[in-house]
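Notes follow once the structure below has been shown.
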Amino acid sequence: MKFGAIEAGGTKFVCAIGDETGSIIQKAVFPTTTPGETFLKVFDFFRNKEIDALGIGSFGPIDIDPKSEKYGFITSTPKPGWGQVDFLGSMKSKLNVPIGFDTDVNAAALGEVIWGAAKGLDSCLYMTVGTGIGVGAIVDGKTLKGFTHPEMGHILVRKNHSDEFQGVCPYHGDCLEGMASGPAITARWGKKGQELSDNEKVWELEADYLAQALMAYTLILSPHRIVIGGGVMKQSQLFPLIRKKVFEKLNGYVQHPIIIEKIDEWIVPPGLGDEAGVKGALALAAKSVRGELPM
Ligand code: ADP
Ligand code: ZN
């Protein structure tokens, strides 16, 4: 079968054609402008491709409740022009195929359990640390949802005693995203993360906040694997720092070989690299054609 995939981000859209093995045959990337203009580019891309199903991993917040009147809408996003946009409905109006719709990070988590760093596991967390901080999860083989999608990037963290930064989250100030996203790094240190590679203090502090969050997620969800991607994680020195701090913070309370013996295999970069989201969207397409997802 031939599947379509859309990884819809606030900065760029990635559209792809692929199959049930996760291979991508064709891909296009374009900037996210207005919904009208961006959707036209999506329709252009999929014209005459004869896909059997489509998967969408979208930035949000989005409405993922199939019973809701606004199922498939992008809802309260601060991104200008994109609030209350009927994303799924617009796609359905032009592409007459089953469509799987989920968050970008839930899609990435799904991609990672099917083809990536969490292959074969039935629970996994996928965190992206970039312009924002988003977290998706697979629990019992399914993407995690409640009355809406979880927003684990906005949990509260304990301020490091050396840190006087107030945070950049427009809603909460010093939540995790407010303290540890790419823009938080830039605002705190006066330079972008990519220009701060040599400054050890930056990454110690960054790892402290990310480790606090991972400790909370671990205590709540106990994921078999934690995959961390996004622009900030290109600073690969963060991985050993984060592992060490998660281990220290848990302080022997959660006793399991995953943590005691195999922490290097537990907290890892994406196996699918920058394609976790778009491949996850392919997986959503495959699930929708098998009737495993609401339409
Ligand atoms: P987005 O979240 O918009 O999809 P990215 O995941 O690339 O995009 O995140 C962009 C953020 O990551 C920016 O704040 C940028 O400064 C930061 N970033 C990108 N590359 C690096 C890097 N090599 N080191 C540290 N920070 C980086
Ligand atoms: Zn917040």
Side-chain angles (χ1 to χ4, degrees), residues 6-15 27 29-33 38 56-62 74 76-80 82 103-109 111-112 126-136 148-159 165-207 209-210 212-213 216-217 227-242 269-270 272-281:
I6 304 174
E7 182 190 11
T11 317
K12 63 180 196 302
F13 263 56
V14 182
C15 290
K27 191 161 94 172
V29 183
F30 38 85
T32 309
T33 57
T38 312
I56 303 173
S58 177
F59 74 105
I62 55 179
I74 295 181
S76 57
T77 179
K79 189 169 171 64
W82 285 84
T103 63
D104 45 6
V105 279
N106 265 350
E112 288 291 329
Y126 180 92
M127 176 189 233
T128 177
V129 188
T131 306
I133 297 185
V135 187
T148 183
H149 48 85
E151 284 284 3
M152 291 186 256
H154 292 264
I155 64 167
L156 299 179
V157 285
R158 191 153 60 187
K159 203 175 262 192
F165 185 57
Q166 295 302 304
V168 295
C169 176
Y171 295 91
H172 320 109
D174 59 4
C175 69
L176 177 70
E177 179 172 296
M179 297 305 272
S181 60
I185 295 173
T186 308
R188 181 191 286 106
W189 303 97
K191 279 186 194 173
K192 287 190 172 173
Q194 41 274 64
E195 295 155 23
L196 291 162
S197 305
D198 298 336
N199 187 335
E200 283 177 22
K201 273 201 272 180
V202 172
W203 309 110
E204 279 285 332
L205 189 65
E206 181 70 10
Y209 289 125
L210 295 176
Q212 287 190 50
Y217 308 150
V227 180
I228 324 179
V232 172
M233 296 308 297
K234 304 276 179 202
Q235 301 292 327
S236 55
Q237 71 276 28
L238 276 169
F239 281 96
L241 287 172
I242 291 169
L272 303 177
D274 293 334
E275 291 191 322
V278 72
K279 290 197 173 177

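Counting convention: from 1, in listed order, for ligands and their atoms alike. FYI, side chains are in, hydrogens and waters are out, and symmetry mates aren't considered; it's all heavy atoms of this structure.
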Sidechain-backbone polar pair: E7 side chain, A281 backbone, donor-acceptor under 3.5 Å: no

Residue-atom pairs from the protein, N, O or S only, that lie under 2.8 Å from the Zn ion (ligand 2): H154 ND1, C169 SG, H172 ND1, C175 SG

Any residue meeting side chain to side chain contact (heavy atoms under 4.5 Å, CB included) with A216, in chain and number order, not counting sequence neighbours: I155

Intermediate values then yes/no, side-chain contact (heavy atoms from CB on, under 4.5 Å), I242 and M233: CA-CA 11 Å; I242 291 169; M233 296 308 297; 3.8 Å; yes

Whether E112 side chain and L272 backbone form a donor-acceptor pair below 3.5 Å: yes

Donor-acceptor under 3.5 Å (T128 side chain, G134 main chain): no

H172 (side chain) donor-acceptor with L156 (main chain) under 3.5 angstrom: no

Any residue meeting ring-ring contact (aromatic ring centres under 6.0 Å, His included) with F59, in chain and number order, not counting sequence neighbours: W82

Residues in the immediate environment of ligand 1 (any heavy atom closer than 4.0 angstrom): T11, G130, T131, G182, P183, G193, Q194, G230, G231, V232, K234, Q235

Heavy-atom donor-acceptor pair, E177 side chain to I133 backbone, under 3.5 Å: yes

N/O donor-acceptor pair under 3.5 Å between Y217 side chain and V135 backbone: no

